Each structure stands twice: as structure tokens, then as C-alpha cells.
K.L.:
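The structure under discussion is supplied below as C-alpha cells; questions concerning it will follow.
The figures that follow rest on heavy atoms only: side chains count, while hydrogens, waters and symmetry mates do not. Worth saying up front: this structure is predicted, and the values here are computed from it rather than measured. Convention: sequence-line order gives letters A, B, ...; per-chain numbering from 1.
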There are 4 protein chains.
Amino acid sequence: MLDEELTPKAAKKRQIILRHALSVFAKEGFGDTDVQIIADLAGVGKGTIYRHFGNKKQLFLATAQHCLQQLADFIRQQVGKSKNTTDLIQEMGTIELVRQIARAYAQFYERHPEAVEIMIQERAAFRDALVPSHLLHRAERRAEFDRLLSEAMDRGEFRRVDVTHATNAFADLVYGSVVNGCLEGGRGQLVERVQQAVEIFLNGLVAPEELSRKK
Amino acid sequence: MLDEELTPKAAKKRQIILRHALSVFAKEGFGDTDVQIIADLAGVGKGTIYRHFGNKKQLFLATAQHCLQQLADFIRQQVGKSKNTTDLIQEMGTIELVRQIARAYAQFYERHPEAVEIMIQERAAFRDALVPSHLLHRAERRAEFDRLLSEAMDRGEFRRVDVTHATNAFADLVYGSVVNGCLEGGRGQLVERVQQAVEIFLNGLVAPEELSRKK
Amino acid sequence: MLDEELTPKAAKKRQIILRHALSVFAKEGFGDTDVQIIADLAGVGKGTIYRHFGNKKQLFLATAQHCLQQLADFIRQQVGKSKNTTDLIQEMGTIELVRQIARAYAQFYERHPEAVEIMIQERAAFRDALVPSHLLHRAERRAEFDRLLSEAMDRGEFRRVDVTHATNAFADLVYGSVVNGCLEGGRGQLVERVQQAVEIFLNGLVAPEELSRKK
Amino acid sequence: MLDEELTPKAAKKRQIILRHALSVFAKEGFGDTDVQIIADLAGVGKGTIYRHFGNKKQLFLATAQHCLQQLADFIRQQVGKSKNTTDLIQEMGTIELVRQIARAYAQFYERHPEAVEIMIQERAAFRDALVPSHLLHRAERRAEFDRLLSEAMDRGEFRRVDVTHATNAFADLVYGSVVNGCLEGGRGQLVERVQQAVEIFLNGLVAPEELSRKK
DNA sequence: CATGAATGAGTTTTCATTCAT
DNA sequence: TATGAATGAAAACTCATTCAT
């Protein structure tokens, strides 16, 4: 199912279908989406979509997956800059790194509000989907963040708290801000909302000594 | 449409319908719910539901409203205990009050996971619903919380930050924790998750002096 | 599902639907039948058919059942005339009774060629249908015929042969004649074909002594 | 379209396709058969099937034809043994020959139950097919059997009855026995059923004198 | 010639909503 | 006012057939 396994042509068609599926699912919601509409927009027959994706549910899941991929790419590009986490911490400190991670998420969702809708639709229609469309819900990303916090605690930058709880809090905060913030719409609103929230979160985590030192 | 305007009998029937609508909408989702099922469970004819609620969408909205009402009642009962906010602050301090508010939300949603689903379904199917099913999204409750924070800042208990942002952060955090926490299921999981998250949030808000004093 | 359990009105509607289902299924075959056509001819909405019969397959099976009922009624009326088998044998002799049974089947199918098609469609589309649409395939009718032959053998009217085999032969002969005879069409063709075939069958069964006596 | 006109390679491919078409049509029925499945099993592209057979209906008809061919070959091999009918009668007598013909049919259908299904599907989906899949329904074979009976009557072996009716009876009896017998399944069941039925049929045809003589 | 991706007409089935009783 | 049978619009999905490669 991965694009690499397909001919360039088939992969291209897949991309076109997914692009329009994304936009229609986001605008209409899963239940109110008529696959025919996606087919028309994508300029292919309905049968072609069913041939490629099997059924409406799988088409949606592929769309969610696609979002996730774009999100992951964006995050990596914004934060990673090809360096590994350790180097990044060296460079900017954990606090700034957490800020940048949160900002990257916010930026992505602000630029791609449809991705927020997909995330919500997925939660609503596929309670138990195997592939949650939000990176921070996924085990591998959580583990990475856990480690980030752990090490900051070890170095005394952060207060010592239960890492899993802190990661949960971060994920929930970003998720909640994104979901609730994307409605209000204005330019920069979402990024602002997430940033401000994360500032409080960080303030809640940094060690008192660090706070004093800053002053 | 309010119960007070109805005969006791009609109001009772309304309650029965709403109770089953809640459970079915929560289990099946809005789109996958067959009104006939609700009618059967409620022991009334389908026509009766349409007579009372107009159409499926309004039935859902009434159900969401109903959840909101129950939530509000529960919060008032848990936190308010008939005293006003000012008295409560006097009694237990802002920090403890915020803790209690958060705990109350968590407890409600843990006891009524269907309410979480309703909240999600509402967001998914009625993006622009006039009546968000989560109290903290509603203007009147936000204003109250804004005031709570404002006064704490005035008294120097909390650091001075933008009140709206802080309230957003609190609402988003609680919302995110509830939505993501309710899936993991275990007894007490949701309350624990919310509490831990709010602890960090509070830590991020209290004034350094307060922190020192505590030590 | 039986008509007696329905209101007269619902039963009437059921009859109308079945009448048209019969004619369409017979003309088009099961697979080529569009339920919409039946609905249009019956003057009801498509939903009504689905409400009454569940799905296309069950509609067909109900149609087959309906044929069977009509066939059974016809046979009883033609042959039985309210007398029991024993009396009938007394009256006309086994040979004549077998002739009359076969003639009754033939007459029914000649008057209702659609019933032949239903029988064939059922065999083709529901190999393992629980309710074969041909009376002689059904256990209760077979048992009756077995007894008829048995007694004739006991009385020395028929040669002694394996009763089950003889009943099979009779059922297969009538079935084959009906299925193959109904295509040729002409008035009386089917009855003639069955009668001639049964004459040979009977000749094959009667005891030699009986034959001699006749001469 | 005959194999002789094709290159050996094309003929081989045709055979492979027909073999799988037979098995799929028999298992699924005409309407429920997906040509793609046949193509996959045969290891060819769907287009190839359409190139060879034109459309699904013609593919089915070719399959039926193919069955017919195999049946004819089998009958000829079992009964004919390269001798002509007259010689065979000389050798074993009409009665035994009729027995052998019936047994040969039964054996073929018992070994190839798919052929029974094809016969039924053909009757169900192509009421008016030009090429009935049962040999005994076909003019040339009927004429041959007619002659067989005629001569037996002329020789006084068989009672004098209308030849066409007798042939019909034989064809219908074998057809009915095969169609109804193939469901019951057990080894030898079908052959037994047909033999027993034909025994009665023969008894019904042989001349009384012959019967006496036997005694 | 062979292929198999693309197509879209055609069917089944569901269910919100209505309305006669 | 309550009911639940009737309706038919709407949508998912299939698959025979075509045709560009």
C-alpha cells in the first residue's frame, strides 16, 4: 500500500484521490461524504477509488494516514533539521525544544485545518481505529517525548514528576488547544493559543532553581 | 420545549427518550444511530420522537443539552455546594478550588463516558453547533473562570498572565485529557490523568513567591 | 409470517406483492430481477417490500413458499376432494389415483408456468434452500406416497420393489416432465407429456397378474 | 471457435479457461460468478477471456458446450465402444443397452457434479438457450433413441407405444433423477437412483410376452 | 495478442421523515 | 396525541466490459 510499491502513475493517482478525499471528508464529515463527490473532484471513476482503497472506511483511514505522514514530515522538517534530539537539546535547551515542537504542531494544523477535522472525524467514527491521526497519541512519538522529559529531569532542568503523566498532559494540552483553537480561525490564532498554553505547561515543569537562575 | 412547560407526564416521556437517545448516540455515533432503535428502547412510537423533537439533529442537540445540564448540576453539587465562588476561595484557596473543579469534571466524565462520546459526536457532526456540549467552552462558565484567575492574580497568588489564554489552556487541557483519557478505561484512570495534568498547569500559574512560601 | 397473523390489510398487501414478485421472478429470473420493478408493479414503495420481506432473497423464498401453498391447495382440491387416501383408493384404485395425482401436478404447472420457473430458479440460486418448491420433494408428501405404494404392493396390485426408489422415480419423472415439458408450450402439452410418462411408470409397477387380469 | 481452428497454444489456453469457468460457474451460479475469479484461477488476464469468448454469457455457453462434449465423449466411450447401435443391440439386447445408456449418464454426472449445476444454471439463466446442456434434450440424440425404441417395438421386445412419448419419459426420468439425485451426494447414490428408476421404466415398456418368456 | 486498470451503469439496502388511522 | 406502516431519496458497492499500453 505504500507509494513506493506502486508505479509512479498509480502513486500519482493515489495522491490525487487522497488530496480530494481529505478536503471532502474534512468539509462534510465522514458520514456525510459521498464517495462519488470525491471521485468527481479527483476526475476518476468511483470504481477506481474502490479499486484502490477497498471501501469508504479504508479510504478514510488512508486519508488519515496521509495526514499523519504530512504532519510527521512537517514536524521533522521544522524541528529536526536532520539533527537528532540530543544535539537539539545541546543547541537550544529542552524548554526551547518543547516550545518548538508545540509550535510546529500548531503551525501544521493552522495551515491544514482539514487535518484537524480528519483527526476529529476519526475519533468520532472509528473510536478504536488502529492508527490515531495525531502524532502525539502514537507510541513511538510518546516514547521520544518521554525520554526528552526524563533527561531534562535528570539534568535538573525540570522538576521530577511522573514522566508518563507529563507527556499525557503535553499531548492532551496540544490536542485540546488544536481542536478548540481551530474553530476560532483568525490568522495565527491557533499558534498563539498553543504557545500560550505550552508556556504555562513549561512553567509548571521547570525546576524552581531554573526559574530563579533566569531571574 | 423546556420541561417546565410540559405536563409531568410529557416531561417524564421526554426524559425517557433522552436517556435512551444518549446511550444509543454514544454507542453508535450520530450517523450510525437509527432513530427507530431509540424509539424501541424508550417504548414509544417513532412518530412520538419526531413530534417531541422535530428531527434527528434536534433530538441529538437536545441530548447534548441534556448532558450539559447533568454536567452542570454535577459540577454545582460537587464544587459549589450552594456557596458562591468568593466564599469558596476564602475557604480553600484558589489552587484547591481549581483542583476541585477539574476533579469534578473528570469524575463526571468518568461516570458518564457516554457524555464524552456525545461531546465528540457533536463536534464531529455539528461543527458549528450553537451549544457546545462542554461547559468550559461556554461563555458564562469561561467568564466565571476568568474572574477566578483574575482575582488570584490580583491577590498575587498567581503569576500575571493573559487571563483568556490561561482559561483557554485550562479548558483545553481538561478537554484533551478527558477525550484522550476516557479510552484507556480503567477505574480512576480519567480522574488521575486530569488531576496530574492540572497539577502541572497549576504549578505553571502560581507565583514564585507562593512556591517559595510553600517550601 | 403467516397471513393469519397479519391484519387483513397487511395480508392483502402481502398477497399483491407476492403476486407480482412471482410474475417478475419467473420472467426475469432471480438474478435479473430488480426489486424496484416488483415494487412499481405492486404499486408500493420499495421500502415497503423490504419492510415486509427483509431482503431480496427472503422475498424470493416467500414467493416460492407461496407457489408451494397454491400447488398444495390445488392438489388437495383436485385429488383429495376432502376424502382421505384410503377412501380414494377404494373408490378408484391405486393406479387411477396415481394417474390423478400426476395429472393434478401437470395441470397446475400448465396453468402456472411461472411456478415452474420459480422451482428452477430456486434450485439454481438456492441450491440448499430449506424449502424445496416442489411438493414431491418434501418429506411429508413423499411419506404419503410411500404409503400409497406400500399398500398397493401389500395388496398385490404392484410388484414388490423398494418403495423409496419407486417414489424417487415417480417424483423425478414428474419433475423432469414438468421442467422439460413446460418449454414446449402448446395447450395440453405438459399434461399430455406427464400422463404418457406416468403411464409407462405405472406399467412398470403393476403386478403381472394384474396385467393379465386386465386382458 | 472450434479448437481445431486454433493454434495448439491457443487451444490449450481455451481449455484451461473453460476448466476453471466450469468449476466457478458450478460453484457460484451464473449470476454470482465474477469473471475476474475465473481469469485469476486460469492465470490469464480478464481481457484474454473477453478476447476469446466475447462476453460472460458466451463464456458460459461455451462452458456448457464443453460439458456436453465431455458428456458425449464419455457416453460414447462407455456405451459405444466404437460399435454402432445395431451391433450393440445384437450383442446385449435393447433392454441392457438402455440400462447401460442410463448408467453411463448417471456415472458421468456422479463424477462431474459441476456438470449438473451447469445444466441447471443454463436452464435458469438462458431459458431459451440454443444449446441445451443435456444430451438427451438434443435432437440428434433423441432421434437415435427414438430409433432404438422403434426397432425394439418392431421386434416385439417392447410394447407398442408412442415413441416420442417414451423417449420423453426416458429423458425426463434421467434428467429428474440426476438433478434431484446429485444433491443427496453419497457415493454411488446417483447411479443407484437412476438405475432403479430406469428399471421401472423398462418394466413399463417391455412387452408382456417378453416378461412371460423371462419367467 | 495479452493485459489489467479504469469505468459507471445498475442494484441492493437503509432510514429519516411523513401522515393516515 | 400517539402510532408505526409506507415511502423514496440517497449511498455504498459491484462487476461486465472496454481500451490504452
K.L.:
Figure out the CZ/P separation between Arg51(C) and dT7(F), and round it to whole Å.
P.N.:
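Rounded to the whole Å, the gap is 11 Å.
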K.L.:
Starting at the 5' end of nucleotides 8-13 of chain F, put B wherever the base has a protein heavy atom under 4.0 Å, S where only the sugar-phosphate does, and a dash everywhere else.
P.N.:
B--SBB
K.L.:
Looking at side-chain heavy atoms only, is the closest gap between Phe25(C) and Glu114(C) below 4.5 Å?
P.N.:
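The answer is no, as the side chains (C-beta and beyond) never meet within the 4.5 Å cut-off.
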K.L.:
Do the side chains of Leu68(B) and Gln65(B) get nearer than 4.5 Å, heavy atoms only?
P.N.:
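Contact flag for Gln65(B)/Leu68(B) side chains = yes.
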K.L.:
Could you tell me whether Glu117(A) and Arg123(B) make a salt bridge, using a distance below 4.0 angstrom between a side-chain N and a carboxylate O?
P.N.:
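Salt bridge: yes.
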K.L.:
Rounding to an integer number of Å, can you tell me how far Leu59(D) CG sits from dC15(F) C1'?
P.N.:
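The answer, rounded to whole Å, is 14 Å.
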K.L.:
Figure out the CZ/P separation between Phe53(A) and dA6(E), and round it to whole Å.
P.N.:
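To the nearest whole Å, that distance equals 11 Å.
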K.L.:
How long is the line joining CD1 of Ile17(B) and C1' of dA2(F), in whole Å?
P.N.:
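To the nearest whole Å, that distance equals 11 Å.
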K.L.:
Using modelled atom types only, decide if a donor and an acceptor are shared between the side chain of Glu122(A) and the backbone of Leu61(A) within a distance under 3.5 Å.
P.N.:
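Looks like no, no N/O pair under 3.5 Å.
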K.L.:
State whether the side chain of Arg127(D) and the backbone N or O of Lys27(C) hold a donor-acceptor pair below 3.5 Å, judged by distance alone.
P.N.:
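Such a contact is found between Arg127(D) side chain and Lys27(C) backbone.
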K.L.:
Is the shortest side-chain N/O distance from His52(C) to OP1 or OP2 of dA6(F) below 4.0 Å?
P.N.:
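His52(C) to dA6(F) OP1/OP2: side-chain N or O found under 4.0 Å.
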K.L.:
Could you give the distance from CD1 (Ile38(B)) to CD (Glu28(B)), rounded to the nearest 0.5 Å?
P.N.:
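One finds 9.5 Å between CD1 of Ile38(B) and CD of Glu28(B).
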K.L.:
Between P on dC15(E) and CD1 on Ile49(B), what's the gap in Å once rounded to a whole number?
P.N.:
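Those two atoms, CD1 and P, are 15 Å apart.
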K.L.:
What is the distance from atom CD1 of Ile37(A) to atom CG of Asp32(A), rounded to the nearest 0.5 Å?
P.N.:
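Rounded to the nearest 0.5 Å, the CD1-CG separation comes to 11.5 Å.
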K.L.:
Taking the cut-offs as 6.0 angstrom to the six-membered ring centre and 45 degrees off its axis, would you call Lys56(A) and Phe30(A) a cation-pi pair?
P.N.:
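Yes, Lys56(A) and Phe30(A) form such a contact.
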K.L.:
Would you please confirm or rule out a distance under 4.0 Å between OP1 or OP2 of dA6(E) and any side-chain N or O of Lys13(A)?
P.N.:
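Yes, within the criterion.
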K.L.:
Could you check how far NZ of Lys9(A) sits from P of dA20(F), rounded to whole Å?
P.N.:
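It works out to 11 Å between those atoms.
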K.L.:
So do the side chains of Gln70(D) and His66(D) get within less than 4.5 Å of each other, counting heavy atoms only?
P.N.:
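A side-chain contact under 4.5 Å exists here.
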K.L.:
In dot-bracket, 5' to 3', how would DNA chain E read with Watson-Crick or G-U wobble pairs under 3.5 Å, [ ] for crossing ones and | for pairs to another strand?
P.N.:
.||||||||||||||||||||
